[in-house]
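Read the structure below first, then the notes.
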Amino acid sequence: MIALGNPLAGDDAFGPRVLECLLQEKVDPSRVDLLDAHTDLLGAIGRFSDYGLVVLIDAVLDPAGNAGKPGEVVTVGEEDVGSWPNHSPGIHRMSPLLGLRLFRTLHPDAPTRIILVLLCVGSGEILSAGGFANDATVARGAEAVRRILMGMPRDQSEE
């Protein structure tokens with residue numbers, strides 16, 4: 001699993017806070033690699049093809065509501081974001097959507113599945129200190145990741 005975000009920037013702390021929650025639960029390290037990529041998804045893309053499944057956890061600016069309503073945690077499969085525009089949600093140098101597309105361009109035959117666990121945030125709210133990345137939302141994000149892990153075969157690693 002790859003957590004994206006800045007823990008000091010309001011809602012952008014969603015990814016690192018979900019990762020922290022999972023670490024406290026002592027997720028089995030023989031089954032799952034956990035990576036806090038901060039705001040540098042590009043630096044992690046080269047490792048995607050080493051895994052059968054990659055889960056990206058991030059807050060996204062989504063004023064058009066492509067993914068969900070502000071404050072909602074959604075799980076989105078790679079196949080579901082194909083029609084989103086290239087300038088779709090993200091506040092980092094590279095959004096999870098563009099990262100996913102870059103990976104597919106560089107590794108078109110990789111069997112890696114990519115799933116996004118996203119906190120939907122409306123325009124301009126991502127850096128608000130009292131925003132959506134609260135304990136309840138982080139718990140929903142961790143639960144979404146746990147559901148993904150329960151569906152993962154024993155011999156498949158996940159980042």
Side-chain angles (χ1 to χ4, degrees), residues 1-29 31-62 65-82 84 88-104 110 112-122 125-129 131-152 156-159:
M1 285 176 292
I2 300 175
L4 298 165
N6 179 346
L8 303 176
D11 288 331
D12 196 30
F14 177 72
R17 288 197 60 209
V18 169
L19 181 69
E20 183 180 297
C21 182
L22 294 168
L23 287 169
Q24 289 174 357
E25 295 174 8
K26 302 195 185 324
V27 172
D28 183 355
R31 288 193 67 216
V32 179
D33 287 338
L34 302 173
L35 173 66
D36 187 348
H38 306 286
T39 60
D40 185 19
L41 178 59
L42 186 58
I45 286 177
R47 297 179 56 197
F48 283 22
S49 61
D50 295 340
Y51 297 92
L53 176 65
V54 173
V55 178
L56 301 176
I57 308 163
D58 197 8
V60 294
L61 289 172
D62 188 17
N66 289 321
K69 297 175 184 164
E72 188 175 4
V73 175
V74 296
T75 301
V76 181
E78 179 178 356
E79 63 282 355
D80 297 325
V81 297
W84 292 6
S88 274
I91 63 163
H92 311 296
R93 290 183 203 127
M94 176 172 291
S95 73
L97 178 62
L98 287 178
L100 182 155
R101 289 181 177 161
L102 176 60
F103 172 72
R104 284 294 166 219
T112 306
R113 283 185 26 225
I114 300 174
I115 299 174
L116 302 131
V117 175
L118 305 172
L119 169 61
C120 301
V121 180
E125 299 167 345
I126 197 87
L127 298 178
S128 62
F132 299 115
N134 55 45
D135 290 343
T137 305
V138 169
R140 287 196 310 267
E143 178 58 29
V145 172
R146 282 192 294 278
R147 283 193 310 268
I148 294 167
L149 291 176
M150 287 190 299
M152 188 176 75
Q156 182 180 22
S157 291
E158 175 180 344
E159 181 165 342

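Along the sequence shown, the residues carry numbers beginning at 1. Owing to the predicted nature of the structure, the values given are computational and were not obtained by experimental measurement. What's counted below: heavy atoms across the whole structure, side chains too, no hydrogens, waters or symmetry copies.
In this structure, Arg47 and Leu35 have side chains that are in contact, with non-hydrogen atoms separated by less than 4.5 Å.
Thr112 contributes no side-chain N or O that, together with a main-chain N or O of Leu53, makes up a donor-acceptor pair within less than 3.5 Å. For Arg146 (side chain) and Gly141 (main-chain N/O), no donor-acceptor pair under 3.5 Å exists by modelled atom type. Side-chain atoms of Glu72 come within 3.5 Å of backbone N or O of Lys69 as a donor-acceptor pair.
Distance CG/Leu34 to CG/Leu22: 6.5 Å, rounded to 0.5 Å. Here CD of Glu78 is found 10.0 Å from CZ of Arg101. Values are rounded to the nearest 0.5 Å. Leu19 CG to Gln24 CD: the interatomic distance, rounded to the nearest 0.5 Å, is 10.0 Å. Here the CZ atom belonging to Arg17 is positioned 13.5 Å from the CG atom belonging to Asp36, to the nearest 0.5 angstrom. Here the CZ-CZ distance, from Arg113 to Phe48, works out to 14.0 Å after rounding to the nearest 0.5 Å.
The heavy-atom pair separating Ile114 from Leu56 by the smallest distance is CG2-CD1, 4.2 Å. Thr75 and Val117 make their closest contact through OG1-CG2, 4.2 Å (heavy atoms, listed as atom of the first residue, atom of the second, distance). What you find for Ser49 and Ala110 is that their closest heavy atoms are CB-CB, 4.2 Å. Residues Ala44 and Ile2 come closest through the heavy atom pair CB-CD1, 3.9 Å. Taking each heavy atom of Phe14 and Thr137 in turn, the nearest pair found is CE1-O, 3.6 Å. Of all the heavy atoms in Ala59 and Asp12, the pair that sits closest is CB-CA, 4.3 Å.
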Passes side-chain contact (heavy atoms from CB on, under 4.5 Å), Leu118 versus Val76? Steps please. CA-CA 8 Å; Leu118 305 172; Val76 181; 4.2 Å; yes
Begin with the C-alpha distance, continue with both residues' side-chain angles, and end with the deciding distance and a verdict on side-chain contact (heavy atoms from CB on, under 4.5 Å) for Val54 and Leu100. CA-CA 10 Å; Val54 173; Leu100 182 155; over 6 Å; no
Checking Val60 against Leu119 for the side-chain contact (heavy atoms from CB on, under 4.5 Å) test, could you report, in this order, the C-alpha distance in whole Å, the side-chain angles of both residues, the deciding distance, and whether it holds? CA-CA 6 Å; Val60 294; Leu119 169 61; over 6 Å; no
